Trainee: 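Below: one structure in structure tokens.
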Amino acid sequence: MASLNALIAVCLAYVFLLFCVAFLAERAGMKGQMGWLLRSPLVYTLSLSIYCTGWTFYGAVGYAARSGLEYVTIYLGPSLVIVGWWWVLRRLVRIGRSHKVTSIADLISSRYGKSNALAIVVTIMAVIGVTPYIALQLQSVTSSLAIFAAADDGTFSQSTDASAAGFWIAVGLALFTVLFGTRNLNVNERHHGVVIAVAVEAVVKLIALMAVGAFVVWGIAGGVSDTLERIDASALGTWQIDGSRWAGLTFLSAAAFLCLPRMFQVMVVENDDERHLQIASWAFPLYLMLMSLFVVPIAVIGLDLLPAGSNPDFFVLSLPLSQGREGLATLSFLGGFSSATSMVIVATLALSTMVSNHVVMPIFLYLRQGGATQSGDVRNVVLLSRRLSILGIIGLGYVYYQASGGSSALAAIGLISFAGVAQFLPAMLGGIFWRGATRVGALVGLGVGFSLWVFTMLLPSFGPGVVLSVDTFQNGFLGIGWLRPQALFGIPGIDPTVHAVFWSLLLNAASFACVSLVTFPHPLERLQGAQFVNVFQHSAQTRGWQVSVAESEDLMIMTQRILGAREAQLLFQREATMQGRRGYLPEPTPDFLQRLERELAGSVGAATAHAMIGQIVGGTSVSVQDLLAVADESAQMLEYSSQLEAKSRELSQTAAQLRQANDKLTRLSHQKDAFLSQISHELRTPMTSIRAFSEIMRDTEGLEDREKAKYANIIHVEAIRLTRLLDDLLDLSVLENGQVTLNVQSGELSDLLDRAVATAQASESREIEVQREALRENVQLHTDLDRLGQVFINLITNAQKYCRAEKPVLRIEVSQLGKAVAVDFIDNGFGVPHASRDVMFEKFSRVGAEDGKGAGLGLAICREIMTRLGGDVTYLDGTGGTGFRVLLPQSQALAAQ
Amino acid sequence: MAKPGTPLFLERDGYRRRRMMDAIRLLVILGAGLWMIPLLWPTQGVADGQAVPTSKALLYVFGVWWALIAISAYLARRLGRIPAQTDDTGAL
């Protein structure tokens, strides 16, 4: 028989080995060596195995011995969760990494607006839910020692020696956790020592269980088929599982897998690379499958071989012992020891982080208002509070273990604990998938779920008459019939576990959803919600801090106290370099404050980090005004850009207009040049004639009278031509300057046209046939008739001069256009070239450049006159010849009644 | 939600990867469905010969387990290295 002392010696050696491994891993991690191992997906997968605790190692066999295959549901749930990693785990890990989440309490608090109240609630619930579980681990180790002792010589006293063993185990675990769990503060610097030790223990427990299983199947039962026959022949031989428990427990274990603080710690917080999930998605189910493969055979053979009344929870130990296999039993003991210790270490680490970040630190900060920048090293305070939390939690577990007396079946506590932490599920999943989830909703949901869990599961577990009276069990709380702890709402007959899980989670989720629907989140909550839910779209960060108030130096001092001087200086220097500044102090931009808060959150949790920066920056980071300012800013930018667009449109329009104007100006300039040469020509031709003929008359002797008269006549005609030209110029200049006075008279349009046609035909030698419609011309005018006549004459003369038709015809059409009267002069010529149309009303513009007769002033004068008279003259398109329209406004054209 | 600029249709490789992701998403539903089939097995009030023997149940549950592990491993391999920065659709 293996002596107890030998076992203890082996155990101590094993513990020593673990310390060494952890120590080496920690050193390698600090030096940056062995990254291939420390950051490998294999280690990640193995570290997930802390899901399999002492409860699993020993309890699963006991569970199977009592209820057959039902034990397997505890593994099916996690297998499904990790096989479906793409749905939830990937998202959780991404959020955990981008927001530097330190624990599940931190995740929930951070999601709901960095609410510390929520963090405290989650922390307390986690401590209440997990402490019994830690006690359970202590119990499993001491009980397994007792089994050995009983097999040895029976000197091991259940009461005194067991509690002493429990005490020393607790001390050892606390020591290990403090040593390797609080070595560094920043959770994002992984706990390499702990993770490696956990991975080693994972291998040990797997090998141990498989060794016992193989021994049972091939050593005792004699092969697989024999084993299966023995299983069928045993009391567990047929499928007798309650369907509701099968489904309910699978769901519960899946929920607990996501929500257990220790699972969150290894799965999300210690995750180094999102892609490790990809490997774990098949490797971890494989691990779970192997862990549960031999459970039923061990249970069946144990029930067969061991005397009735032996505790089935420890068949894994007692079966090899009964067969005289002490080595195997020792290995098995180490497996159970590993399962228990690794769970306690990680669970304590996770809980202590939560307690210190969400309970101790806020109280510390509250007690020292404005204290983060003052004297005292916050870093040490955080570490100290975390160490004390570790001691406190393990101590609590030990006290619970002592108090409970180690009697109840292991599996029961396990399930109660699962159901307790599963209450986080609605708030967590709602938080990462639903932007509408609010803080109040989460608080109410957690509160409802937790109270129901306490009432229907935790308190009844102590048995009738212990905490809840027998009367309460039978007649309901305070005698209210539908408040019976195991038959809520008067529905009896449901399995108690399924009953508690179903009602607590259902009402938890329902109240969470309903309250979320009717409440309104505050701004920070909405920002965080959007970031958590849309973590894959934008890993951008919440904008929040006001810039001007924060002092870089204060921030630096505070950061040094949390991260340590060297890290803080490195961080600040990096930031300063990024901002393009020399030295250590970056500008406290909102971006920088954001990153700093994340860094600090990695050490002390989101809510505390937020509060600490808040102390320096001053007050709440995000007010509605800030949000409005941000919104305003973006609205302004939107408006600005649309203004820019409009402006650029306007600019291109203006540019086009300018180009047109420029073209016109260029043409006008050409025209002016042409006109100047023209006008000098026009002036010089008569002047030359006048000079030449006057010189002839002066110098030539003996001119005949007839010749003198002829020459004098030529001089006279040329002088008249000059005068007319000068008159025109003068006229135009007067009109343009607005100095003209109108001589308003009344008269008939037809008379005016008669006179104009007669005058034009008299002055111009070329014949033109004029077609008119006398009836339509019967319009009474009240305007300056002389000026209007001048316009008509000009237009008719133009037609006479420029109409190139063989038999020129001019139609004069009068028509009523609304209230105005239009007089159209349309000839059968070739029209005006398109290019000339927009300049032909300008001064000096001459359409037919080859024709030297006019000075190009006629149309300009017409337009000026018509403008003065309040009408207009325009070129008329599409007439088949050259057409002009004179438009007389109504006031000047009174239709003859 | 598609980001602006994400193409509506993908080239062959990208398309295959998306379908692998779909398969990963669906696998868990398949697993849950298969493991809930025992709910349909008779439990009470059946004649001795009619009840499902535990050995069969054991083989079924563990068979499904093996299958899930194998398919999951195959899909994880087929998916290849997912880029560090992906959105929900796996697009960069």
Side-chain angles (χ1 to χ4, degrees), chain A residues 68-69 72-73 75-77 79-88 90-91 94 225 227-234 236-244 246-247 250-251 254 273-275 277-289 292-293 296-297 300 534-539, chain B residues 1-3 20-44 46 48-62 64-66 68-77 79-91:
Chain A
L69 256 181
V72 88
T73 54
Y75 303 96
L76 297 188
S79 296
L80 286 176
V81 169
I82 199 143
V83 163
W85 61 287
W86 200 271
W87 292 102
V88 178
R90 200 172 72 98
R91 187 175 277 265
R94 175 68 67 88
S225 53
T227 313
L228 288 179
E229 272 169 30
R230 284 179 82 154
I231 289 172
D232 281 345
S234 72
L236 306 172
T238 52
W239 179 262
Q240 283 172 341
I241 291 160
D242 178 4
S244 69
W246 180 262
T250 306
F251 172 76
D273 188 339
E274 220 171 288
R275 285 172 285 209
L277 276 177
Q278 212 176 334
I279 306 290
S281 74
W282 60 268
F284 187 60
L286 181 67
Y287 186 94
L288 289 179
M289 197 270 295
S292 48
L293 190 56
V296 173
V300 168
N534 299 333
V535 68
F536 291 112
Q537 266 88 46
H538 49 83
S539 296
Chain B
M1 201 180 77
K3 279 191 279 190
M20 285 300 121
M21 293 169 194
D22 290 346
I24 291 173
R25 288 196 181 95
L26 291 176
L27 185 62
V28 61
I29 298 170
L30 173 77
L34 288 177
W35 270 331
M36 287 306 125
I37 280 185
L39 294 179
L40 304 172
W41 294 345
T43 47
Q44 280 150 3
V46 285
D48 273 356
Q50 301 264 309
V52 177
T54 300
S55 62
K56 286 245 175 70
L58 211 56
L59 289 176
Y60 175 76
V61 169
F62 281 85
V64 172
W65 218 327
W66 274 113
L68 281 185
I69 291 164
I71 298 172
S72 191
Y74 170 75
L75 289 179
R77 275 184 72 87
L79 187 64
R81 282 176 70 81
I82 48 170
Q85 292 294 321
T86 53
D87 68 9
D88 213 20
T89 56

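First the proteins, then the strands, lettered A, B, ... as listed; each starts at 1. What you see is a predicted model, and the numbers here were worked out from it, not measured in a lab. Below, each value reflects all heavy atoms present in this structure, side chains not excepted, and no hydrogens, waters or symmetry copies.
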Trainee: Counting only non-hydrogen atoms closer than 4.5 Å, does Phe284(A) touch chain B with its backbone (N, CA, C, O), its side chain (CB onward), both, or neither?
Mentor: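 Nothing of Phe284(A), per the 4.5 Å heavy-atom cut-off to chain B.
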Trainee: Do you know which of Leu76(A), Leu69(A), Thr73(A) has the most heavy-atom pairs with chain B at a distance under 4.5 angstrom?
Mentor: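 Of the options given, most contacts go to Leu76(A).
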Trainee: Is there a donor-acceptor pair under 3.5 Å between the side chain of Asp232(A) and the backbone N or O of Pro53(B)?
Mentor: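 Flag not set: sc Asp232(A) to bb Pro53(B) has no pair under 3.5 Å.
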Trainee: Considering non-hydrogen atoms only, spot the tightest contact between Gly243(A) and Leu39(B) and give its length.
Mentor: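 Looking at all heavy atoms of both residues, the shortest contact is O-CD2, 3.1 Å.
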Trainee: Side-chain donor-acceptor pair under 3.5 Å between Trp35(B) and Thr250(A), yes or no?
Mentor: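 Distance-only check fails for Trp35(B) and Thr250(A).
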Trainee: Hey, does Leu27(B) have a side-chain heavy atom less than 4.5 Å from the side chain of Trp86(A)?
Mentor: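 SC-SC contact between Trp86(A) and Leu27(B) ruled out.
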Trainee: Check whether any side-chain N or O of Ser72(B) sits under 3.5 Å from a backbone N or O of Ser281(A) as a donor-acceptor pair, and report yes or no.
Mentor: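 It does hold such a pair.
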Trainee: On a heavy-atom basis, which atom in Ser55(B) and which in Leu228(A) lie closest, and how many Å separate them?
Mentor: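 Result for this residue pair: CB-CD2, 3.8 Å.
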Trainee: Under a 4.5 Å heavy-atom cutoff, which of Leu80(A), Val296(A), Leu286(A) has the most pairs with chain B?
Mentor: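 The option with the most such pairs is Leu80(A).
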Trainee: Does Ile71(B) offer a backbone N or O that forms a donor-acceptor pair with the side chain of Trp282(A) under 3.5 Å?
Mentor: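 A pair under 3.5 Å: no.
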Trainee: Top residue by heavy-atom pair count (under 4.5 Å) with chain B, among Leu293(A), Ile241(A), Val300(A), Val81(A)?
Mentor: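 Most heavy-atom pairs within the cutoff with chain B belong to Leu293(A).
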Trainee: Given the rule in the side chain to side chain contact (heavy atoms under 4.5 Å, CB included) test, do Trp85(A) and Val28(B) qualify, once you have shown the distances and angles that lead to the verdict?
Mentor: CA-CA 9 Å; Trp85(A) 61 287; Val28(B) 61; over 6 Å; no
Trainee: What part of Leu40(B) is in contact with chain A, defined as an atom under 4.5 angstrom from a non-hydrogen atom: side chain, backbone, both or neither?
Mentor: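 Contact with chain A involves no heavy atom of Leu40(B) at all.
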Trainee: Closest heavy-atom contact between Ser79(A) and Trp65(B)?
Mentor: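 Distance-wise, the nearest heavy atoms are OG-NE1, 3.2 Å.
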